[in-house]
Amino acid sequence: KYDEIKYMSSTTDFLVKSNGKYGIVGIDKKFKVKNIYDEIKSLIRQGYNNKQIQDKLMVTYAQINYQRKKIQREVWAD
């Protein structure tokens with residue numbers, strides 16, 4: 001089903017790649033972030049213990065724009 005699977009120990013989730021697109025799947029096998037992004041990076045703050053780690057997701061600017069336009073189209077359609 002996936003071309004690549006990478007375990008992210010900081011969040012106990014999985015970074016998955018399928019058909020050139022990335023997403024995040026939880027331990028329950030459900031998508032937390034759909035695999036529609038060209039790139040997803042996990043930025044883990046250093047110097048914190050596991051309970052204090054703050055994970056942030058960053059996607060490419062093009063994908064953010066795509067999502068904004070999609071939302072705008074959906075709003076105008078209603």
Side-chain angles (χ1 to χ4, degrees):
K1 187 175 179 179
Y2 302 113
D3 302 325
E4 294 177 30
I5 300 174
K6 181 179 176 186
Y7 180 68
M8 300 186 304
S9 61
S10 61
T11 62
T12 66
D13 296 321
F14 298 89
L15 177 65
V16 297
K17 181 180 179 183
S18 180
N19 296 321
K21 300 294 182 178
Y22 290 92
I24 296 179
V25 175
I27 197 111
D28 59 359
K29 300 181 182 176
K30 294 181 182 177
F31 273 102
K32 291 187 173 184
V33 177
K34 289 186 180 183
N35 60 331
I36 59 172
Y37 297 101
D38 293 329
E39 180 179 20
I40 295 179
K41 293 182 181 178
S42 177
L43 305 174
I44 302 171
R45 288 183 157 174
Q46 301 298 320
Y48 293 93
N49 65 35
N50 286 343
K51 291 181 183 178
Q52 296 172 318
I53 291 175
Q54 296 179 2
D55 235 16
K56 293 185 179 183
L57 299 176
M58 178 187 246
V59 297
T60 61
Y61 183 74
Q63 287 298 328
I64 292 171
N65 269 345
Y66 169 80
Q67 290 299 323
R68 284 183 184 153
K69 289 177 184 176
K70 182 178 176 186
I71 290 168
Q72 287 174 346
R73 284 192 302 266
E74 290 173 359
V75 168
W76 284 105
D78 290 339

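FYI, side chains are in, hydrogens and waters are out, and symmetry mates aren't considered; it's all heavy atoms of this structure.
Put simply, the side chain of Tyr22 does not reach to within 4.5 Å of the side chain of Asn35, judged on heavy atoms. In this structure the side chain of Phe14 never reaches within 4.5 angstrom of the side chain of Lys29, judged on heavy atoms. Residues Val16 and Glu4 form no side-chain contact, since every pair of their non-hydrogen atoms from C-beta on lies 4.5 Å or further apart. Side chains of Met8 and Ile24 form a contact here, defined as non-hydrogen atoms less than 4.5 Å apart. Two residues are said to be in side-chain contact when any heavy atoms from C-beta on lie closer than 4.5 Å; Thr12 and Tyr7 meet this criterion.
At least one donor-acceptor pair under 3.5 Å links the side chain of Asp28 to the backbone N or O of Lys30.
A chain of hydrophobic side-chain contacts below 4.5 Å, direct or via other Ile, Leu, Val, Met, Phe, Trp or Tyr residues, connects Phe31 to Ile5.
What you find for Ser18 and Lys1 is that their closest heavy atoms are OG-O, 3.3 Å. Closest approach of Asp13 to Lys32, counting heavy atoms only: OD1-NZ, 3.0 Å.
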